[in-house]
Amino acid sequence: MLLIFLLHLPKPYFLDAFKFLDFSFLDILDIALVAILLYYVYKLIRGTAAINIFLGIAIVYLIWKLTVALKMELLSDILGKFLGGGFIALIIVFQQEIRKFLLMVGSTNFTTKKGFLKRFKLLSNMRKNDDFISTDVDSIIDACEEMASTKTGALIIIQRNNNLDLVKQTGDKMNAEINKALFTSIFYKNSPLHDGALIIEDNFITATRVILPVEKDIIIPARFGLRHRAALGITMRSDALALAVSEETGQISYIKDGEFILYKDINHLKDLIKEDLD
Ligand SMILES: Nc1ncnc2c1ncn2[C@@H]1O[C@H](COP(=O)(O)OP(=O)(O)OP(=O)(O)O)[C@@H](O)[C@H]1O
C-alpha cells in the first residue's frame, strides 16, 4: 500500500522522501569502518567493567544526536559540551583499553602465510608452492588428552595473525617441530620447562616458560586460577587460541577471543581448532 502511495506521489516528493538513501561508496566505507572499529572496541572491553562505561557514553551520544535533530538547543548544547570536554577524560578512563587496541593493531602480521594475503583466492596458487606446514592439531590434542589423564597442567598458545613476539620474550626460545611426546615431556611436573605457557607458530613450538598477561577484571568460576586467567588474557589481547589442561581436574579448556569455547568431545575440539586455524 505504502509503495503504491509513494509511486503515485508527484516525482519531486517521491525523490525527496528517499533523499536520505542517497549515499555514496564513501558513506558505505565510512559505515563499514565504524562497524569494524566498534567491533574491536567491543572485543577489547567485553566482560570488563569498561563495557558499562562504553554503553553509557554510547547512550549519551545517541541522546545528543537526537536532541540536535529535534533542535532542542539547550540540551544539545549541554550534552555536546559534556561529550566534547569528556574526550580527554575518556582517554584517561580507557587508557588500558586504548593501549591494548594499539598493541593489537600494531602487532597484526598481515603478511604471515596464514594471514591476510591467504584470503585472496588469486594468491592460492602461490600457497601451494610455499613452505607452509599446517599445524598438527591432532598431535596437540592427543598430548592434551594424555596430560589430562595424568592431571598434568599445561598451557598451550597457538599464534594466528597477531604477532606474539612481545610475550615470547618473557620465556625461552625453542624451535622444535610439534610432536605429542614433546608436549608431555615439556609439561611433565619435574621438567624445568613445565612452568608458564608454550607458544606454537605454524607447526613449531617456538617458546616455552612464557609469562602471559593475566586477566584480573573478568568474572569466572573460582575453580579457575591463574593458568586460565592467563589464557583469557592473551586471547582477549590477540587473536591467538589457547588450550589449558587443569592440574586439578584434568579438564581441557579451549579459549578463544577471551571466552571458553564449549565442545562435545575430543574430535569436536579438534575440528573446532582446525576450523579456527583455517
Ligand atoms: N601469567 C601466567 N602466564 C603463564 N602461565 C601461568 C601464568 N600464571 C600461572 N601460570 C601457570 O599456571 C600454573 C598453575 O596456576 P594456577 O594453579 O593458579 O592455575 P589454575 O587456572 O587454577 O589451573 P589448574 O586447574 O591447573 O590448577 C602455574 O604453575 C603456571 O605454570
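Computed from a predicted structure; not experimentally measured. Just so you know, these numbers use all the heavy atoms, side chains as well, and skip hydrogens, waters and symmetry mates. When a ligand or atom number is given, it counts from 1 through the structure's own listing order.
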Taking atom NZ of K189 as the centre, report whether more than 12 heavy atoms of other residues, nucleotides or ligands fall under 6.0 Å from it.
yes
Give me the pairs of N or O atoms, one from ligand 1 and one from the protein, that sit under 3.5 Å apart.
{"residue": "ligand 1", "atom": "1 (N)", "partner": "L212", "partner atom": "O", "Å": "2.9"}
{"residue": "ligand 1", "atom": "3 (N)", "partner": "L212", "partner atom": "N", "Å": "2.9"}
{"residue": "ligand 1", "atom": "18 (O)", "partner": "L226", "partner atom": "N", "Å": "2.9"}
{"residue": "ligand 1", "atom": "19 (O)", "partner": "L226", "partner atom": "N", "Å": "3.4"}
{"residue": "ligand 1", "atom": "19 (O)", "partner": "R227", "partner atom": "N", "Å": "3.1"}
{"residue": "ligand 1", "atom": "21 (O)", "partner": "G225", "partner atom": "N", "Å": "2.7"}
{"residue": "ligand 1", "atom": "21 (O)", "partner": "G225", "partner atom": "O", "Å": "3.3"}
{"residue": "ligand 1", "atom": "21 (O)", "partner": "R227", "partner atom": "N", "Å": "3.3"}
{"residue": "ligand 1", "atom": "21 (O)", "partner": "H228", "partner atom": "N", "Å": "3.2"}
{"residue": "ligand 1", "atom": "21 (O)", "partner": "H228", "partner atom": "ND1", "Å": "2.7"}
{"residue": "ligand 1", "atom": "22 (O)", "partner": "G225", "partner atom": "N", "Å": "3.0"}
{"residue": "ligand 1", "atom": "25 (O)", "partner": "S246", "partner atom": "OG", "Å": "2.5"}
{"residue": "ligand 1", "atom": "26 (O)", "partner": "R227", "partner atom": "NE", "Å": "3.1"}
{"residue": "ligand 1", "atom": "26 (O)", "partner": "R227", "partner atom": "NH2", "Å": "3.1"}
{"residue": "ligand 1", "atom": "26 (O)", "partner": "E247", "partner atom": "N", "Å": "2.6"}
{"residue": "ligand 1", "atom": "27 (O)", "partner": "E248", "partner atom": "OE2", "Å": "3.4"}
{"residue": "ligand 1", "atom": "29 (O)", "partner": "D195", "partner atom": "OD1", "Å": "3.0"}
{"residue": "ligand 1", "atom": "31 (O)", "partner": "D195", "partner atom": "OD1", "Å": "2.6"}
{"residue": "ligand 1", "atom": "31 (O)", "partner": "G196", "partner atom": "N", "Å": "2.9"}

If you measure from the Lys or Arg side-chain nitrogens to the Asp or Glu carboxylate oxygens, is any gap between K180 and D136 under 4.0 Å?
no
Given salt bridge (charged side-chain N to carboxylate O under 4.0 Å, His left out), test D278 with K274 step by step and report yes or no.
CA-CA 6 Å; D278 199 18; K274 283 175 192 169; over 6 Å; no
Among I141, I261, V137, side chain to side chain contact (heavy atoms under 4.5 Å, CB included) partner for L269:
I141
Looking at side-chain heavy atoms only, is the closest gap between Y188 and T150 below 4.5 Å?
no
State whether a side-chain donor-acceptor pair under 3.5 Å links E146 with T184.
no
